[in-house]
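Just follow the structure's listing: the first ligand is 1, and inside any ligand the first atom is 1. Residue numbers count from 1 along this sequence. Predicted model only: the values in this text are computed from it and were never measured.
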Amino acid sequence: MSGLVVVGTQWGDEGKGKITNYYASRADMVVRFQGGANAGHTVTVDGKKVVFHLLPSGISVRGVKCVIGPGVVVDPFALVEEMDYVRSNGIDVGENLMLDVGTHLVMPYHKAVEEAEEKGRGKHAIGTTRRGIGPAYSDRYSREGLRCGDLIPFDRFRSKLEESAGRKNEILTKLYGAEPLNVSELVESMRDVSERLSPHIADTLNTVRSALAEGQNVLFEGAQGALLDIGFGTYPFVTSSHTTAAGVAPGTGVPPKDIGRVAGVAKAYTTRVGAGPFPTEADPERSKIICDRGAEYGATTGRPRRCGWVDAVALRYAIALSGVERLIITKLDVLDAVETIPVCTGYRVDGRNLSTFPRDVETLERVEPVYEEVQGWMTDTSGARRPDDLPDRAVAYLRRLEELAGVSIAAVSVGAASDAIVEFESLL
Ligand code: IMP
C-alpha cells in the first residue's frame, strides 16, 4: 500500500496545491478528504497559473484519477464553474473525476445564512471565506444536509431541496431579517447543475480502498491547515472540518491503518487569513515586505494575508496532531532578501515558559514568542533544483527548522513554477 497524505501544518495557504500537483505526476489517484470551495490551491500548469478550489490538484495530470471524498462539502455551482474553467485551460475533466455519493452539498442558503451569522457576530466575526462551509457542515451534523447521491433521481431531490430551502428561508427571514431565497429558481438552476454532475457521482469507497490494496500511489490532499482544524485549531477561529491527517479516514472511508505516510507542508515563514491569534505575526512593515514578495493574497477571497515568522511551538503541535513524518518547506525564495530571519522557538506567558501550544485562544493571544535570529542568505534561490544549488545559509536555516520540528525535510519549494523544487528525499 502506498498512500501519502499531504496536510498543512500552519493556518492554511502553505502551498499544498503545488506540492500535491508535484507528487501527482507519480501518483495514480488524488483524493480530497475535507473542506470545500474555501480552499484555493494554486498550481502552475504549462507555465499558466491555475487555481483549484474543489477539484483535487491532480486533475491537471493526465491519467490520474481524482476523487472528491465524502468528507468534503461541495458547492455544485462552484464545481461546475470550476470544471468549465479548468477545461478552458486545456485540462481534461471527464472520467478522471469522481464525486462520492456521500459528499454533502453547499447550497446558496448556506452562504446566505453564513453572511447573516458573520454580520451578527460584529467585532467577533471569524472572517470566514463566505463559501457556506460552516452552515453546510452544521447541516451535515444535524442530519439535515443534502448529499450528492440525493441528486439522482432529480424529482426526489427536488422535494428534499424544497423542504430544506423552505426551512432555511424561515431562519433567514424570521431570525436574521434577511431576504428569503427564491425556491423555484433554485430548483430549476439545480436541475441543470445536477445533469452536469451526475456522470461523476459514484460510490468511491471501494475505488480508493482497491487502489491502495493494489499498491497504487494514492495522494490524500488536505485543505487549510492544522491550526484551522475544528477540534484542535484556534477555536472558534477555525474552519468546520478536520484538517489534520486524522480527517482522512472519515473523509474517505479508508481505515486508519491503511492510509499511509504523512507529509506536512509549512511555509518558510507563516501566514494567516481571517481573524484569530497569530503569535509570530510580523510588524506591519515587515509583514508587507513578505506579503508583496510572496504574493500573499488569498487565492479564494483575494484578501491580503497576515504574515509572520515560523513558529516552532505551533509546528511541533501540528506535527504531533497529524503524525507528520516528513516536512516540505515552501516559498523559501521569499526570504531571499531578508537579512536576519526570526524563528520562534518557544512561548512565555505570565513570566513562565510554555512548552506546549495553548488549547485556548485567550492564552494564545497573551503568549510572548521567544525568538532566535537566523542569518539570511541574501542570494536568489529561485533557480535551485538540486540540494547543492542552495546557499549554505539557506541549508543552515532548513537544518535549524528540522531540529526545532524534530522531523526531517523531504523537499523545499523555491518558486511558483511546477519544477521549482529541491528534493532531498523522494516520498513517492
Ligand atoms: P471558512 O472555512 O470559510 O468557514 O473560514 C473559517 C476560517 O478559516 C477563516 O479564518 C478563513 O480565513 C480560514 N480559511 C478557510 N479556508 C482557508 C484556506 O484555504 N486558506 C487559509 N485560510 C482559510
Side-chain angles (χ1 to χ4, degrees), residues 6-20 32-43 51-57 71-75 78 82 104 106-108 110-121 123-141 221-244 247 251 264-267 269-278 281 291 294-308 314 318 330-331 361 364-365:
V6 176
V7 281
T9 58
Q10 296 164 324
W11 277 284
D13 307 318
E14 297 93 352
K16 296 174 295 295
K18 173 182 165 165
I19 299 304
T20 311
R32 267 283 300 268
F33 60 91
Q34 46 76 223
N38 48 350
H41 290 171
T42 308
V43 303
V51 185
F52 300 119
H53 298 283
L54 282 162
L55 291 170
S57 301
V72 178
V73 287
V74 162
D75 175 339
E82 189 171 327
H104 277 252
V106 179
M107 289 284 103
H110 290 129
K111 292 190 197 170
V113 167
E114 180 173 25
E115 197 67 45
E117 281 174 347
E118 276 283 89
K119 219 184 272 170
R121 288 184 188 119
K123 66 179 175 43
H124 300 294
I126 292 162
T128 69
T129 60
R130 304 285 215 270
R131 296 299 187 270
I133 305 299
Y137 276 114
S138 295
D139 270 6
R140 180 188 193 208
Y141 288 104
E221 178 181 15
Q224 292 85 43
L227 305 176
L228 289 174
D229 184 277
I230 184 74
F232 303 104
T234 50
Y235 192 89
F237 302 102
V238 292
T239 190
S240 297
S241 62
H242 286 293
T243 58
T244 57
V265 185
K267 269 181 191 159
Y269 48 97
T270 306
T271 60
R272 174 163 206 171
V273 207
F278 180 4
E281 186 164 12
C291 197
E296 294 294 353
Y297 297 90
T300 299
T301 59
R303 292 180 288 180
R305 297 175 182 144
R306 299 155 66 192
C307 297
T330 57
K331 298 189 122 175
V361 289
L364 191 61
E365 251 148 19

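The nearest non-hydrogen atom to atom 15 (C) of ligand 1, considering only T129, T271, D13, comes from T129. Closest heavy-atom approach to atom 9 (C) of ligand 1 within the set G233, P135, G127: this belongs to G127.
Using a 4.0 Å cut-off to heavy atoms of A39, the atoms of ligand 1 that qualify are 19 (O). Which parts of ligand 1 touch I126 is read off a 4.0 Å heavy-atom cut-off, strictly below it: atoms 10 (O).
Checking D139 against H110 by side-chain atom types alone, a donor-acceptor pair falls below 3.5 Å.
No side-chain donor-acceptor contact under 3.5 Å links E296 to the backbone of C307. Within the 3.5 Å criterion, the main-chain N or O of V73 finds no donor-acceptor partner in the side chain of R140.
For atom 5 (O) of ligand 1, the nearest non-hydrogen atom of the protein is T128 CA, 3.4 Å. The nearest heavy-atom contact from the protein to atom 2 (O) of ligand 1 is T239 OG1, 2.6 Å. In terms of protein heavy atoms, atom 10 (O) of ligand 1 is closest to V273 O, 3.3 Å.
Here R121 pairs with E118 in a salt bridge; the nearest charged N to carboxylate O distance falls below 4.0 Å. Between E115 and R130 there is a salt bridge, with a side-chain nitrogen of the basic residue lying less than 4.0 Å from a carboxylate oxygen of the acidic one.
When all heavy atoms are compared, the tightest approach of V361 to Y235 is CG1-O, 3.3 Å. Nearest heavy-atom pair, R32 versus A223, reported as atom, atom and distance to 0.1 Å: NH2-CB, 3.9 Å.
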- Residue pair T234, R272: steps toward the side-chain hydrogen bond (donor to acceptor under 3.5 Å, both in side chains) verdict: CA-CA 12 Å; T234 50; R272 174 163 206 171; 3.2 Å; yes

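For ligand 1, the polar-atom distance check against N38 finds a nitrogen or oxygen pair separated by under 3.5 Å. Among the atoms of Q224, some N or O lies under 3.5 angstrom from an N or O of ligand 1. Of the N or O atoms in L228, none lie within a sub-3.5 Å distance of an N or O in ligand 1. An N or O contact shorter than 3.5 Å is missing between S240 and ligand 1 by distance.
At a 4.0 Å heavy-atom cut-off, ligand 1 touches R303 through the side chain alone. Within the 4.0 Å heavy-atom criterion, the part of W11 lying near ligand 1 is the backbone and not the side chain. Here V238 has backbone heavy atoms under 4.0 Å from ligand 1, and that is the only part of it that gets that close.
Applying side-chain hydrogen bond (donor to acceptor under 3.5 Å, both in side chains) to Q224 and the options T129, D229, N38, T243 leaves one that passes, N38.
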